[in-house]
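In what follows, every chain begins at residue 1, and chains take the letters A, B, ... in the order their sequences are listed.
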Amino acid sequence: MKIAFLGTPEFAVPSLTMLHAAGHTLLVFTQPDKQIGRHAVLTAPAVKQCAQKLLIPVCQPQKIRGEEGQAALKAFAPDLMVTAAFGQILSAENLAVPTHGCINVHGSLLPKYRGAAPIQWAVINGEAETGITTMLTDVGLDTGDILLKRAVAVDADETAGELYDRMAVIGAEVLKETIEALEKGALPQKPQNPAEATTCRMLKKEDGKLDFSQPALAVHNRVRGVNPWPGAYAFWRELPLKIWRTKLSDVHTETSLSCGSCFGDAKRGLFVCCGDGRALEITELQAPGGKRMQARSYLLGKPMSGERLI
RNA sequence: CGCGGGGUGGAGCAGUCUGGUAGCUCAUCGGGCUCAUAACCCGAAGGUCAUGUGGUUCAAAUCCCAUCCCCGCAA
């Protein structure tokens, strides 16, 4: 089939690779290159880099809804449109172009976690299970009819980044099944139940700020959910301390240590008191100006016992 | 040329402002003690203090200059 593929970050890469391997004729639409990193180097999105390797033509209109985007789409005249974490809303005109409509690969079990960063929010909320849903895109935000779903178990210590990478691959598999079913004309289609719908927003830098008045489990889930981006942090001696990894401990602190108080040493590890009186072990951190490292190593040079994280 | 922090034995840090013998915690090696331990005690080895055969100085990890590398913020 002639497929217009709209995607931007890593999440979309396995899907694109799969479509290419399946022999479809492709045209890739992705976001414009952006200035990334410390010295603002213009960097191509992951999907563009992948497409170039596979020698698939790439189109980067500022706005797919704009004249340029719509014209490019029409000129290609695709049978089908596929989106995976594209990052732009499609217009009704866009959606009218492909003869078989538009399939979206979404990183949650819809209608839950509609919107941006569904994988991260699922981890932050401590979900034991999330999944991939393919749906028929309509003009709403992830509101279209559900095609296929596959549940994915979330490991209790898994980070959003790890889960994201796994789900990108699973997303490609579900997309493959969806398209195969479509080609056979055997694609189930079920409207979403709006009553069960939840919507999540994009993550912001501040979402990484830890609140030790929350239960240890909630803090742990937050740390996992914002790893690798925006990254969890707390303030120590007025400076931000990044917290990469934590581990739930059985240590309870009946003593009147306040939330955020640290104890432990390089032998035992670094523990911080949380709202439910349980201690959370910080296993991997990053000091200002430094690289990420084992918390135990850091304690060799900077004992933190008795100090407070805010 | 966006703003800022940093590079000190194998690891993590102090020392730099106020130049004057290279320090701490751990790891390593040797010895001791203990029924035993992530224990404890004694001792040892290990560093051109990122680079420049740069500048200033009687004297530079420390002050000045240049270069390289790492990191945070902002985008």
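- One interatomic measurement links the two molecules: CZ of A/Arg268 to C1' of B/C26, which rounds to 15 Å at whole-angstrom precision.
- Atom name C1', nucleotides B/G47 and B/U57: the rounded distance is 24 Å, in whole Å.
- For the pair A/Glu307 and A/Phe263, the minimum side-chain heavy-atom distance is 4.5 Å or more.
- Rounded to whole Å, the distance from CD on A/Gln286 to C1' on B/G12 is 14 Å.
- Atom P of B/C13 sits at a distance of 15 Å from the matching atom of B/A50, rounded to the whole Å.
- Shown are A/Leu148, A/Ile146, A/Asp145; of these, the side chain to side chain contact (heavy atoms under 4.5 Å, CB included) with A/Pro188 is made only by A/Leu148.
- As the counterpart of B/U53, no nucleotide is assigned, since no Watson-Crick or G-U wobble pattern has both distances under 3.5 Å.
- The distance between atom CG of A/Leu241 and atom C1' of B/C71, rounded to the nearest whole Å, is 14 Å.
- Across the C1' atoms, B/A74 and B/G5 are found 15 Å apart, a figure rounded to whole Å.
- As rounded to the nearest Å, B/C73 and B/C29 have P atoms that lie 39 Å from one another.
- Near RNA chain B, meaning a heavy atom under 4.0 Å from it, residues 287-310 of chain A has A/Gly289, A/Gly290, A/Lys291, A/Met293, A/Ser297, A/Tyr298, A/Leu300, A/Gly301, A/Lys302 in order of number.
- Rounded to whole Å, the distance from CG on A/Leu270 to C1' on B/U25 is 15 Å.
- Atom OH of A/Tyr233 is separated from atom P of B/G5 by 21 Å (rounded to the nearest Å).
- Here, B/G6 and B/C49 have their C1' atoms 14 Å apart, quoted to the whole Å.
- Remark: A/Lys63 does not engage A/Glu68 in a salt bridge, criterion side-chain N to carboxylate O under 4.0 Å.
- For A/Lys112 and A/Asp142, the salt-bridge test fails: no basic side-chain N is under 4.0 Å from an acidic carboxylate O.
- For B/A44, the paired base is B/U28 (Watson-Crick or G-U wobble, both distances below 3.5 Å).
- Between A/Tyr164 and the choices A/Trp121, A/Phe11, A/Trp229, the ring pair (Phe, Tyr, Trp, His ring centres under 6.0 Å) rule is met once, by A/Phe11.
- Contact between the side-chain N/O atoms of A/Lys267 and the OP1/OP2 oxygens of B/G12 is not found at any separation under 4.0 Å.
- Annotation: A/Phe29 is not in aromatic contact with A/Phe5 [ring centroid separation under 6.0 Å not met].
- With a cut-off of 3.5 Å on both pairing distances, the Watson-Crick or G-U wobble partner of B/C3 is B/G72.
- Here the separation of B/A27 from B/A44, taken at their C1' atoms, is 14 Å to the nearest Å.
- Between B/C24 and B/G43, the two P atoms lie 12 Å apart (nearest whole Å).
- Atoms CZ (A/Phe235) and C1' (B/G72) sit 12 Å apart, rounded to a whole Å.
- For the residue pair A/Asn125/A/Asn221, the side-chain donor-acceptor check at 3.5 Å is not satisfied.
- Residues A/Thr137 and A/Ile103 are not in side-chain contact: their nearest non-hydrogen atoms beyond the backbone lie 4.5 Å or more apart.
- Atom CH2 of A/Trp236 and atom P of B/G72 are 18 Å apart (whole Å).
- Separating the CG atom of A/Asp265 from the P atom of B/G12 is a distance of 19 Å, rounded to the nearest angstrom.
- At a threshold of 4.0 angstrom between heavy atoms, the contacts of A/Lys205 are confined to the sugar-phosphate backbone, with no base atom among them.
- On the P atoms, B/G10 is 13 Å away from B/U51, given to the nearest whole Å.
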